[in-house]
Structure formats: C-alpha cells, structure tokens
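Here, residue 1 is the first one in the sequence, and each next residue gets the next number. Remember, it's a predicted structure, so these values are computed and weren't measured experimentally.
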Amino acid sequence: MTEEIEFILDSTKESMTGSIAHLEKEFLNIRAGKASPAMLGSVFVDYYGSSTPLSQVAKISVPDARTITLQPFEKNMLQTIEKAIMIANIGFNPMNNGDLIIISVPPLTEDRRRDLAKQAKVESEDAKIGIRNARKDANTEIKKLEKDGTSEDVCKSAEEEVQNLTNNFIKKTEELLVLKEAEIMKV
C-alpha cells in the first residue's frame with residue numbers, strides 16, 4: 001500500500017478511537033447508582049472570576065456508596081461550590097456543615113434508570129455517527145487517490161480495510177453500551 005493510504009487509515013483509526021474515548025468519558029457522567037467523583041466532572045466553580053473545574057478547588061472523596069464529600073481548599077469557597085452544584089443541575093442537593101459539603105446520592109428509581117439507559121443509548125449513537133463520518137471521510141480521500149492514478153485494486157482493499165475498522169469500532173461501541181446499560185439497570 002502507498003504512504004497516502006497508510007496515512008488515511010491511520011488518521012481514520014485515530015478518529016474512530018477518539019469517538020470511543022469520548023463515549024467512555026460521556027458514560028462516566030451517567031451515574032449508575034453508586035457515588036463517584038466523576039459525577040461532579042461537569043461542575044465548574046466561579047473561582048476569583050474564572051470558571052474552574054470543581055476538582056481544582058476542593059478535595060472530592062467518596063466515603064461510601066451513597067455519599068460524596070467535598071472539602072474546599074479555601075473555607076470561603078463553601079457557598080460558591082454549593083451554588084455551582086445547584087446550577088449544574090445534576091440532580092444533587094448539597095448540604096454544607098461549615099467544613100465540608102456533603103452530597104447524598106439518592107437511589108435510582110426504575111423510571112430514572114430507564115431514562116439513564118436511554119441517555120446512554122443516545123451517547124452510543126452519537127459515537128457511531130462519529131465513526132461513520134470518519135469512514136465517509138476516509139472513503140472520500142481514497143476515491144480522490146484513485147482519480148489521481150492510484151490503482152483500483154489498492155483503493156478497493158483500502159476501502160475494505162476502512163470498512164473493517166468501522167465494523168470493529170461499531171462493535172466496540174455496542175459492547176460498551178451493553179455494559180453501561182447493565183450497570184445502570186443493576187439495583
């Protein structure tokens with residue numbers, strides 16, 4: 001195979017790997033019943049005028065499966081952090097005891113579990129769209145090479161390789177979704 005085709009295949013694989021990595025990151029934000037510091041990953045705090053991730057202004061710990069505690073690095077940040085969690089609208093009601101912010105993670109209802117499973121399915125579909133777009137871009141580049149004089153057989157085998165990559169990454173997406181749905185629906 002030519003260098004151009006190798007480059008197209010490598011960049012396609014990289015793009016598809018990025019879609020999977022993004023899916024895994026999104027799945028971390030979908031809570032599955034037990035407390036996790038990743039649940040607060042989308043919370044940003046106004047720290048002296050700049051939007052700062054919560055993990056950079058407080059120590060986040062999980063003492064048990066239903067509780068998250070936050071210990072701010074600066075005492076005067078308690079109310080600001082509490083407000084940021086409320087604004088993030090992630091379904092938590094923080095309690096401030098003067099030293100710590102304590103978040104009780106409520107058990108999931110059956111309806112909420114179904115909603116989270118649907119949300120996971122949507123994220124999975126988005127990842128598949130990203131993978132298919134990478135395939136489309138690769139095939140477009142391969143067609144251009146064929147017009148520029150690369151042999152038809154080489155281009156055909158490159159397209160087959162792109163399709164194999166696509167199939168493998170779509171399968172990986174579906175496996176991740178099955179695992180996440182099982183995690184969500186487990187009581």
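Here the side chain of T140 pairs a donor or acceptor atom with the backbone of K136 at under 3.5 angstrom. Side chain of S61 to main chain of K59: no donor-acceptor pair is present (N/O by atom type, distance under 3.5 Å, no hydrogens or angles). Here the side chain of R113 pairs a donor or acceptor atom with the backbone of I184 at under 3.5 angstrom.
The closest side-chain heavy-atom distance from D99 to K75 is below 4.5 Å. Using a 4.5 Å cut-off on side-chain heavy atoms (C-beta onward), T12 and D137 make no contact. Considering only heavy atoms from C-beta on, V62 comes within 4.5 Å of P37 through its side chain. The closest side-chain heavy-atom distance from I60 to Q71 is not below 4.5 Å. For the pair I8/L145, a side-chain contact is recorded, criterion being any heavy-atom separation below 4.5 Å from C-beta on. For the pair L23 and D126, the minimum side-chain heavy-atom distance is 4.5 Å or more. Residues M16 and T166 meet the side-chain proximity criterion, which asks for heavy atoms closer than 4.5 Å. Looking at K143 and E159, their side chains come closer than 4.5 Å, going by heavy atoms from C-beta outward.
Scored by the side-chain contact (heavy atoms from CB on, under 4.5 Å) test, E125 finds K128 as partners (sequence neighbours excluded).
Between E174 and K171 no salt bridge is recorded (no basic side-chain N to carboxylate O distance below 4.0 Å).
Both L177 and M185 are part of a single hydrophobic cluster, where members link through side-chain heavy atoms under 4.5 Å apart. Under a hydrophobic-cluster definition in which Ile, Leu, Val, Met, Phe, Trp and Tyr are linked whenever side-chain heavy atoms come within less than 4.5 Å, directly or via other members, I81 and F73 are assigned to different clusters.
Side chains of N167 and Q163: a donor on one and an acceptor on the other come within 3.5 Å.
Nearest heavy atom pair, residue F169 against residue K13, reads CZ-O, 4.0 Å. Shortest non-hydrogen contact noted between I20 and I131 is CD1-CD1, 4.3 Å. Nearest heavy-atom pair, Y47 versus M77, reported as atom, atom and distance to 0.1 Å: CD1-CE, 3.4 Å. Of all non-hydrogen atoms in F27 and L176, the two that sit nearest each other are CE1-O, 3.6 Å. Of all the heavy atoms in I101 and E82, the pair that sits closest is CD1-N, 3.7 Å. Nearest heavy-atom pair across A117 and E181 is O-OE2, 4.1 Å.
Dense packing is recorded around CD of E175, with more than 12 heavy atoms of other residues, nucleotides or ligands lying under 6.0 Å away.
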